[in-house]
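Reading through the structure tokens given below for one structure.
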Amino acid sequence: MKQSYYPQEIEKKWMKFWDENKVFKTENNSDKPKYYALSMFPYPSGKLHMGHVRNYTITDVIARFKKANGFNVLHPIGWDSFGLPAENAAMKHNADPEKWTDENIAYMTQQLKMLGLSYDWDREVTTCKPDYYKWTQWIFLQLYKKGLVYKKEAAVNWCPDCGTVLANEQVIDGKCWRCDSEVEKKYLSQWFVKITEYADELLKDLDLLKGWGDNVKTMQANWIGKSHGAIFRFPVVDAPNGEKMEVPVYTTRPDTVHGITYLVVAPEYKDIEKLTTPENKEAVEQYRANARKMSEIERLSTDRTKTGVPLGTHCKNPFTGEIFPLWTADYALVEYGTGAVMAVPTHDTRDFDFAKKYNLPMKVVIQNPQNPSNCENEAYTDEGVLLNSNEFNGMKNTEAKKAITQKAVDEGFGEFKTQYRLRDWLISRQRYWGAPIPVVYCDKCGIQPVPEDRLPVLLPKDVDFSVVGKSPITTSPTFKDTVCPICGGHATREMDTMDTFICSSWYYLRYADANNDKECFNKDIVNKWLPVDQYVGGIEHAILHLLYSRFFTKALRDCGLLDFDEPFSNLLTQGMVLKDGSKMSKSKGNTVDPDEIFENYGADTARLFILSDSPPARDFDWSDAGVEGCYKFLNRVWRLVASNAENISHAVIANPQGVAIHTTEKANDDLIRTVHMSIKGITNDITNEFQFNTVISKYRELVNAIYDWQAKKGELNQEDKNVLSFAIVSMLKLMSPVAVYLTEEAWHELGGEGSIHEQPWCVWDENLAKSSSITLVVQINGKVKDKIEVDSEISKDEMEKEALNSEKVKALIEGKTVVKTIVVPGKLVNIVIK
RNA sequence: GCUCCAGUGGCGGAAUCGGUAGACGCGUUGGACUUAAAAUCCAAUUGGGCGUAUAACCCAGUGCCAGUUCAAGUCUGGCCUGGAGCACCA
């Protein structure tokens, strides 16, 4: 065995061997229990970055650990390969985005293999390939049949730089999630997925997700935004055309209904023109035009002073008979509730600001206990007792909410209402590089889905990528015109493609049955593998991908395609990889190229380091010195093995757990105990919280212990060799999920059969992991005063006796009264004195 | 403004149930080996009393202030700071 560590050589050798022999192939049929370990699949942007390295290493270690522990492990990988970067690159070079994508996939595949990830490459899934997007389109049609997909004209988010619309989830602070441009409002007819139909279940089932962090769950709960309230309908008393009209409002504060002094509708409110008097028409029109021009950012800014104009008409409050004016103001949102708000300036801060500015009247209806009936300077929005509210006076407002809504129900002008903040998911994209929406528009028959046997609707190849300002797909001379599947007459194809988040909402299902060309996946196989036992990925998908995938699972369940409710039982959101305290990014110039690390130190060093310094969920600060340290450690491990190669017992390698080792020396006992403690500690750290940083510190402790043991020994006798063999072989197995190459090479050099990665996990013996002596801690009034080595089997009485016998304790309790002593078996004695 | 998470040496971070605070590593300092360097190995490294050697001892200490307890990094209440998410959602 070579005495020096040569990672570049051994890693290439084993990478090739594993790849050619499909060592990590997973069969669907097995007697073993299943375990599905999954990383969020990458976008093939060109090269791996350190975030990928971290993500995939974490999942890989979990997959390998589970496999060694007797599970049939599914650990797949694929490519989220539709999307704008490929199309932008294509437009820049007037080339096919498919070529760019394929090249990137080829390069990154090599990198993933180099990193030593135990993927079953036969299940690779690529969302931009027709054999995948055919099924994306098929699923779209199933949702369409179920009424979960529909087309409507709506105000949508438009990103001018990406030249496409965006879903609500993809607008961050009024800006595009991808390019950071300010999003504009546009009125377009677009395809929507009815995710709101599942709002309640998506919220409720968060409780089932015990293996998800609270941060992600609350983010989703907030995004869904369930609230309880009431709808009230206010009759219009002076509609200009004499029509009988009503304005419905949604409110969470029905208890304040007697305090309404005006009513606001959104500028886009559908009946606004009918509610405007001729005298006010001009001002209202101008206000609406202004609102339309404004960007989302301007409009949503909360510190902007509120503006609005009166419509000239009035409503009647059915509770009081009071007449109050109608206004339009852009602080009312057309998409939420009914698009109209009942304004109670005394008990709502927004209404208060507005009323102050326009000198609208105020009426106090909830008593502020600190400052009775005074709402001059600010709105009182807390709990209280009602006043000025007729028969409800004196009632607590929490009760009044119900009672007042009930009255509206009984008298027919309102009802109880649950409202969600979640909006339907806009999935149309005016772009080329995505799955075409499988729909045609017939001149006679209208919107028609493409029949399933004509899928996939292929992306046209005869397009011009050099166009500006429109989707390249529209330049195809062959794509647009087609025939209607119903009447056979002329029809045109839908030119929009689907949001790529549709493609990524079901890929984890496809892995279970990736090569099925008859169906999107076999139901039994999917039911067998899913849900995913451990999902690992970035927190940036807390809402987007994770909410969409949860919705898809539920919708596909209701289409009869699978039998479970949630796709991911456990979720680990790993932290970011930082350098010098900030996120690695090309613009900051603080990136580290994984290839360089592989080349200079090897993939094992990269794997070890990325797991070593921080727990997976926390941010990880990359440091060159840290890499160096990990590389030195692997060298140290290698030297330990190599220098002892001829001392290793073949019997122990063949059966590390089975060889009973008789020891006659304390040093040997101690080392065996350290090994058992390491097995226990490492196993628990991985099982409990995936605490790989402490796993690695335990590797180091074990290696240090073996070196220390060796330093005490001269010539080794047979007993010593057996002990050493047990320690080294156990160490290699324990390290094998992380240092995949080094341990494999060492295993072979020592004469091990097959692959170390096929060997079962180590087991520990609780008795051997225990020490024969313990350190008894003696405290006085809770402060440590002495430590005594005692036998581990010592009784409580003896512990107390030992403690009181300590010279230090004797001196300290001299002349004081011992009030009581607390004895914690096996740990400490606390003497309370006065 | 609302919601969630976090706060421990110079740094990353350890610390099952409340029971020895600072494991393991990085860095730093000193030393050994070497003609020299690299590599490797050994030792020290929370602060203060403390200033010279040796050996020891004492005090304080996990963002702040209280509380519960024999005992609090850990539990409770109230703050402070940082991060993340949401936000004119009626």
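Numbers restart at 1 for each chain; the letters A, B, ... are given by sequence-line order, proteins then strands. Any value given below was found using the heavy atoms of this structure, including those in side chains, with hydrogens, waters and symmetry copies removed.
- In the model, A:Thr307 has a side-chain atom that pairs as donor or acceptor with a side-chain atom of A:Tyr287 under 3.5 Å.
- Not counting sequence neighbours, the partners of A:Phe319 by the ring-ring contact (aromatic ring centres under 6.0 Å, His included) test are A:Phe232, A:His258, A:Phe413.
- Using modelled atom types, one finds no donor on one side chain facing an acceptor on the other under 3.5 Å when comparing A:Asn693 with A:Asp613.
- Ranking B:A87, B:G85, B:C88 by closeness to the A:Asp330 side chain, first place goes to B:C88.
- When only modelled atom types and interatomic distance are considered, A:Glu378 and A:Thr349 share no side-chain donor-acceptor pair under 3.5 Å.
- Regarding A:Tyr262, its OH atom lies at a distance of 11 Å from the C1' atom of B:A90, rounded to whole Å.
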Show which side-chain atoms of residues 676-683 of chain A pair as donor or acceptor with protein atoms under 3.5 Å away, not counting sequence neighbours.
unit_1, atom_1, unit_2, atom_2, d
A:His676, ND1, A:Asp765, N, 3.0
A:Ser678, OG, A:Thr674, O, 2.8
A:Lys680, NZ, A:Glu766, OE2, 2.8
A:Thr683, OG1, A:Ile679, O, 2.5
A:Thr683, OG1, A:Trp761, NE1, 2.9

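- Defined by atom type and a distance below 3.5 Å, a donor-acceptor pair is missing between the side-chain atoms of A:Ser227 and A:Tyr420.
- Side-chain N/O atoms of A:Tyr331 and A:Asp353 include no donor and acceptor closer than 3.5 Å.
- In this entry the base of B:G9 is syn relative to its sugar, with a glycosidic angle within 90° of 0.
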Set out, line by line, the N/O atom pairs under 3.5 Å between protein and nucleotides 22-25 of chain B.
unit_1, atom_1, unit_2, atom_2, d
B:A23, O2', A:Glu701, OE2, 2.9
B:G25, OP1, A:Asn704, ND2, 3.1

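- If you check residues 251-258 of chain A against RNA chain B, the residues with a heavy atom closer than 4.0 Å are A:Thr251, A:Thr252, A:Arg253, listed by number.
- Atom CZ of A:Phe609 is separated from atom P of B:C26 by 11 Å (rounded to the nearest Å).
- Whole-Å rounding puts the A:Ile682 CD1 to B:A14 P distance at 16 Å.
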CA sep, side-chain torsions, deciding dist, call: A:Asn290, A:Arg288, side chain to side chain contact (heavy atoms under 4.5 Å, CB included) = CA-CA 5 Å; A:Asn290 248 332; A:Arg288 295 178 66 202; over 6 Å; no
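- With hydrogens and angles left out, the side-chain atoms of A:Asn644 and A:Gln710 include a donor and acceptor closer than 3.5 Å.
- At B:A90, none of the side-chain N or O atoms of A:Tyr331 fall inside 4.0 Å of OP1 or OP2 (strictly under the cut-off).
- With no hydrogens or angles considered, a side-chain donor-acceptor pair links A:Thr694 and A:Asp685 at under 3.5 Å.
- Taking only distance into account, the side chain of A:Lys820 never meets the base of B:C70 through a donor-acceptor pair shorter than 3.5 Å.
- Take A:Asp604 and apply the side-chain contact (heavy atoms from CB on, under 4.5 Å) test, not counting sequence neighbours, and it matches A:Tyr5, A:Glu11, A:Arg607, A:Leu634, A:Ala739, A:Val740, A:Tyr741, A:Leu742.
- Side-chain N/O atoms of A:Arg178 and A:Gln170 include no donor and acceptor closer than 3.5 Å.
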Name every donor-acceptor pair, under 3.5 Å, that has one atom in a side chain of residues 210-217 of chain A and the other anywhere in the protein, sequence neighbours excluded.
unit_1, atom_1, unit_2, atom_2, d
A:Lys210, NZ, A:Asp207, O, 3.0
A:Trp212, NE1, A:Phe568, O, 2.7
A:Lys217, NZ, A:Leu209, O, 2.8

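- A:Asn704 and A:Arg636 share a side-chain donor-acceptor pair at under 3.5 Å.
- A syn base is found at B:C17: its glycosidic angle is within 90° of 0.
- Residues that satisfy the ring-ring contact (aromatic ring centres under 6.0 Å, His included) test with A:Phe609, not counting sequence neighbours, are A:Phe620, A:Trp622.
- Although no hydrogens or angles enter the test, the distance criterion places a donor-acceptor pair under 3.5 Å between the side chain of A:Asn830 and the main chain of A:Gly782.
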Using nucleotides 71-81 of chain B, report all nitrogen or oxygen pairs with the protein that are shorter than 3.5 Å.
none

Canonical and wobble pairing (Watson-Crick, G-U, under 3.5 Å) of RNA chain B, dot-bracket with | | (((((((..(((......[....)))((((((.......))))))((((.......))))..(((((..]....))))))))))))....
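- Between B:A90 and A:Ser227, a contact under 4.0 Å exists linking OP1 or OP2 to a side-chain N or O.
- Taking atom CG on A:Leu611 and atom C1' on B:G13, their separation rounds to 15 Å, with Å as the unit.
- Remark on RNA chain B: of its neighbouring residues A:Phe620 and A:Lys827, the 5'-side contact belongs to A:Phe620, judged by nearest-heavy-atom nucleotide.
- Residue order along RNA chain B, read from the 5' end via each residue's closest nucleotide, puts A:Ile539 first among A:Ile539 and A:Tyr250.
- Both tests do not hold together for A:Lys356 against A:Tyr358: distance to the six-membered ring centre under 6.0 Å, angle to the ring axis within 45°.
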Quick test: give all pairs of protein nitrogen or oxygen and nucleotides 1-8 of chain B nitrogen or oxygen below 3.5 Å, distance rounded to 0.1 Å.
none

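- Which of B:U20, B:C26, B:C57 sits closest to the side chain of A:Lys787 comes down to B:U20.
- Atom CD1 in A:Ile780 sits roughly 11 Å away from atom P in B:C58 (whole-Å rounding).
- Across all strands, A:Val784 comes closer than 4.0 Å only to sugar-phosphate atoms, never to a base (heavy-atom distances).
- Across B:G27, B:G85, B:G13, the shortest atom-to-atom separation from the side chain of A:Pro615 is found for B:G13.
- The side-chain contact (heavy atoms from CB on, under 4.5 Å) test applied to A:Val818 returns A:Ile813, A:Thr821, A:Ile831, A:Ile833, not counting sequence neighbours.
- At least one donor-acceptor pair closer than 3.5 Å links the side chain of A:Thr346 to the backbone N or O of A:Lys363.
- Taking every side-chain heavy atom of A:Lys306 into account, B:C88 is the closest of B:C41, B:G13, B:C88.
- Summarising the geometry, the separation between CD on A:Gln691 and P on B:G13 is reported as 13 Å, rounded to the nearest angstrom.
- For the residue pair A:Gln419 and A:Tyr336, no side-chain donor N or O sits within less than 3.5 Å of a side-chain acceptor on the partner.
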What protein N or O atoms touch nucleotides 59-61 of chain B N or O atoms at under 3.5 angstrom, if any, and at what distances?
none

